[in-house]
Amino acid sequence: MMNIAVFPGSFDPITNGHLDLIRRAIPLFDKIIVAIGVNDQKKSLYSLEQRLSWLEEIFSEDDSISVGNYHGLTVHYCQEVGAKYLLRGLRNTTDYNYEQSISQANSIVGGVETVFLISNPQYSHISSSIVRAIVKGNADASTFVPAVVASTLQSS
Ligand code: ADP
């Protein structure tokens with residue numbers, strides 16, 4: 001049986017922190033699905049199409065990584081795609097406190113285990129929300145994001 005993990009997130013936009021985490025998780029799973037959870041109550045800065053297109057371009061050469069999106073519960077999406085694992089990153093205790101109860105609920109409700117990787121120190125200051133704040137303030141966020149994202153940010 002394939003060991004499939006879903007890495008769920010908003011990826012608004014994907015950052016170098018996300019990318020590092022995904023690359024470090026490749027040896028752990030047969031397949032990783034990087035999936036954008038669409039929450040209609042939460043307004044994103046970048047459209048779903050834009051975020052998916054960044055993910056597709058970034059992982060186009062990686063056979064074990066695919067890209068998707070879903071509405072509703074993450075555990076239902078895991079069941080749909082046959083994933084027994086969720087992948088999440090921990091930058092600090094704020095992340096830990098937030099993730100703990102979600103992970104426990106996902107295990108109880110959907111039988112899905114969450115695998116956590118601690119962020120690399122050089123990426124632990126990076127978040128999508130900081131990137132969005134830099135972009136909104138008309139400053140350069142290119143060191144925080146993959147090249148394909150940086151080039152779109154610069155041209156918009
Ligand atoms: P969400 O909207 O679910 O918080 P994000 O796209 O912000 O989604 O993050 C998805 C996952 O990536 C989360 O587990 C988050 O902790 C992790 N993550 C975000 N930034 C980093 C980083 N710089 N280093 C490691 N993990 C990160």
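To the nearest 0.5 Å, atom CZ of residue Arg51 and atom OG of residue Ser53 are 11.5 Å apart. Considering CZ of Phe7 and CG of Leu55, their distance stands at 10.0 Å, rounded to 0.5 Å. To the nearest 0.5 Å, atom OG of residue Ser119 and atom CG of residue Asp20 are 8.0 Å apart. Atom-to-atom distance recorded for Ile65:CD1 and Glu56:CD is 13.0 Å, nearest 0.5 angstrom.
Under a 4.5 Å side-chain heavy-atom cut-off, the cluster of Ile, Leu, Val, Met, Phe, Trp and Tyr residues that includes Val109 is completed by Met2, Ile4, Val6, Ile33, Tyr70, Leu73, Val75, Tyr77, Val81, Leu86, Val112.
Counting non-hydrogen atoms of neighbouring residues, nucleotides and ligands closer than 6.0 angstrom, the CZ atom of Phe116 exceeds 12 such neighbours. Heavy-atom contacts from other residues, nucleotides or ligands closer than 6.0 Å to CD of Gln122 number more than 12.
In this structure, Ser47 contributes its side chain and Gln50 its backbone to a donor-acceptor pair below 3.5 Å. Judged by distance alone, with hydrogens and angles left aside, the side-chain atoms of Arg91 form no donor-acceptor pair with the main-chain N or O of Ile118 at under 3.5 Å.
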Would you mind writing out the side-chain donor-acceptor pairs for residues 124-148 within the sub-3.5 Å range, not counting sequence neighbours?
residue, atom, partner, partner atom, Å
Ser124, OG, Pro121, O, 3.2
Ser127, OG, Ser129, OG, 3.2
Ser127, OG, Ile130, N, 3.1
Ser128, OG, Pro13, O, 2.8
Arg132, NH1, Asp12, O, 2.8
Asp140, OD1, Ser142, N, 2.9
Asp140, OD1, Ser142, OG, 2.8
Asp140, OD2, Ser142, OG, 3.2

query = Under the side-chain hydrogen bond (donor to acceptor under 3.5 Å, both in side chains) criterion, do Arg88 and Ser103 qualify, and how do the steps go?
reply = CA-CA 9 Å; Arg88 295 288 285 179; Ser103 160; over 6 Å; no
ask   = Could you go step by step and tell me if Asp63 and Lys31 meet the salt bridge (charged side-chain N to carboxylate O under 4.0 Å, His left out) rule?
value = CA-CA 8 Å; Asp63 293 341; Lys31 183 175 167 187; over 6 Å; no
request  = Please step through ring pair (Phe, Tyr, Trp, His ring centres under 6.0 Å) for the pair Tyr46 and Trp54, ending with a clear verdict.
outcome  = CA-CA 11 Å; Tyr46 298 103; Trp54 279 327; 5.0 Å; yes
